[in-house]
Amino acid sequence: MSVVSHDITTAERRHELSPGITWVREGPGDPVDAAEPRFVELERLEPDWDGYGAQSIDARALRAARAVLGHPAFRDLPAPEVFPLPTGGVQLEWAAGPLELELEVEPGGATAVFVCDEEGTHYRFDGVLPADEQRLQLALARLAAHR
Amino acid sequence: MSVHDVEEVEDGDALLRRAPNQPSMVTRKGGTLRPSSGAFQPTRADDGVSVDVRRLLPDPSDPEGTLRGRLDYGLVELLARVPREHALDVHHTPQAENPARADIIGWRKFPREIQKRKQRELARSCVWVREPAAAGAGEESTPG
C-alpha cells in the first residue's frame, strides 16, 4: 500500500496550535507516520460521510493533528487511533493500561478539547487547549507511565 | 406528504444510531468493541444527535432497516433514559421519510469538555444490534 508523502515545508513544520504553544514535527520516523494513512483517508472524506450530515474534515484540523503527534510530549505514547468528527474536527485516542485519553482537534486547528480517565480510580483530566495545557501534561504523564 | 404526529419518547425507548465503517468510527479497547465518542457528536448545524426510536420504526422487529442500505455499517442501541441521566433530552422529530427520527439535544448548554465526556458516556452505554463489517469487507449498496 502506498502512502501519500506529506511534503512538509520548513514553514509548515512549525505549527502554532495557539499563541505561545508551538508543535514542531521533527521529520520522518516520528509517530505521525504510523497515522498518516488514516489522515489521508480523512482528507478525502466528502460531506455527509456518516449519513447524518457530517462536515468534511477541516484541513487545518488535520494539520494540527499531524503536528500534535510530532510533539515530544506525545512521542512516548502508544500510537493513537484517529477518527473524523461530524463537525469537521479530528479526534486522537490513546489507551494504555487503565487509562484512556481522547483529544479532539477542533475545526480551524487552533483549539482542542480533551478528556482522560483512569478506570478503577476517580482520576479525570478534562479540559480545553490552550488554557488547560498543564492538565493535559498530567494526563500524558500518567498515560506514559502505563505504557 | 403526510405529517407524522410528534410522540413522547419514553425513558425505556430504545434509540438506534448507525456507526459508520468507512471511515471506521469503531474502537476496540480492553477487548471491547464500541463506537468512538465522536459517533455521538452533534453536527455544527444544530444541537442534536440524530437517532431512530425503535418503537416508531415501520417494522420495530427489523431495526437494521435503519441502516438504509449501508450494509457495512454497525448499529448500536441505547435507552432514552441514558442521555436523560446525563442532563440531555430526547425529542421525537419525525420527518416525512423517517417517522422514527428523534434527536438527543441539549448539548450546547455545557462546556465543550463536558459535552465530550457525555458523548463518551453515551458511546460506552451502547450495545451492538449489529457490529460493523470487518475492514474492507461488505459492499455498500445504494442507500434506500
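Throughout, protein chains are lettered first and strands after them, A, B, ... in sequence-line order, and every chain is numbered starting at 1.
- Within 6.0 Å of CD in B:Glu97 there are more than 12 heavy atoms belonging to other residues, nucleotides or ligands.
- For the atom pair NZ (B:Lys116) and CD (A:Glu102), the distance works out to 5.5 Å, reported to the nearest 0.5 Å.
- Put simply, of B:Pro23, B:Pro20, B:Pro111, B:Ser37, the one with the most heavy-atom pairs under 4.5 Å next to chain A is B:Pro23.
- Applying the salt bridge (Lys or Arg N to Asp or Glu O under 4.0 Å) test to every pair with at least one member in residues 120-131 of chain A, sequence neighbours left out, gives these pairs: A:Arg124-B:Glu121, A:Asp126-B:Arg117.
- Residue A:Leu85 touches chain B through both its backbone and its side chain, counting heavy-atom pairs closer than 4.5 Å.
- Nearest heavy atom pair, residue B:Pro42 against residue A:Thr87, reads O-CG2, 3.4 Å.
- Taking 4.5 Å as the heavy-atom cut-off, none of the residues of residues 74-84 of chain B approach chain A.
- Heavy atoms of B:Val26 lying under 4.5 Å from chain A belong exclusively to its backbone.
- The hydrophobic cluster analysis finds A:Tyr52 isolated: no Ile, Leu, Val, Met, Phe, Trp or Tyr side chain comes under 4.5 Å of it, directly or through other members.
- In terms of heavy atoms, B:Tyr73 sits closest to A:Trp49 at OH-O, 3.3 Å.
- A:Leu101 and A:Val82 fall within a single hydrophobic cluster, where Ile, Leu, Val, Met, Phe, Trp and Tyr are joined by side-chain heavy atoms under 4.5 Å apart, directly or via other members.
- Legend: salt bridge (Lys or Arg N to Asp or Glu O under 4.0 Å) pairs involving residues 78-94 of chain A, not counting sequence neighbours, sorted by first then second residue: A:Glu81-B:Lys29, A:Glu93-B:Lys29.
- A donor-acceptor pair shorter than 3.5 Å can be found between the side chains of B:Gln41 and A:Glu104.
- How far SG of A:Cys116 is from CD of B:Glu113: 14.0 Å, rounded to the nearest 0.5 Å.
- For the set A:Glu100, A:Arg38, A:Gln91, the entry with the most heavy-atom pairs within less than 4.5 Å of chain B is A:Glu100.
- A distance-only check finds no donor-acceptor pair linking the side chain of B:Arg112 to the backbone of A:Val128 [under 3.5 Å].
- Residues B:Val49 and A:Val115 do not share a hydrophobic cluster, clusters being chains of Ile/Leu/Val/Met/Phe/Trp/Tyr side chains in contact below 4.5 Å.
- Around atom CD of A:Gln137, more than 12 heavy atoms belonging to other residues, nucleotides or ligands sit under 6.0 Å away.
- Interface remark: of the candidates A:Asp117, A:Asp132, A:Leu42, A:Asp117 forms the most heavy-atom pairs closer than 4.5 Å to chain B.
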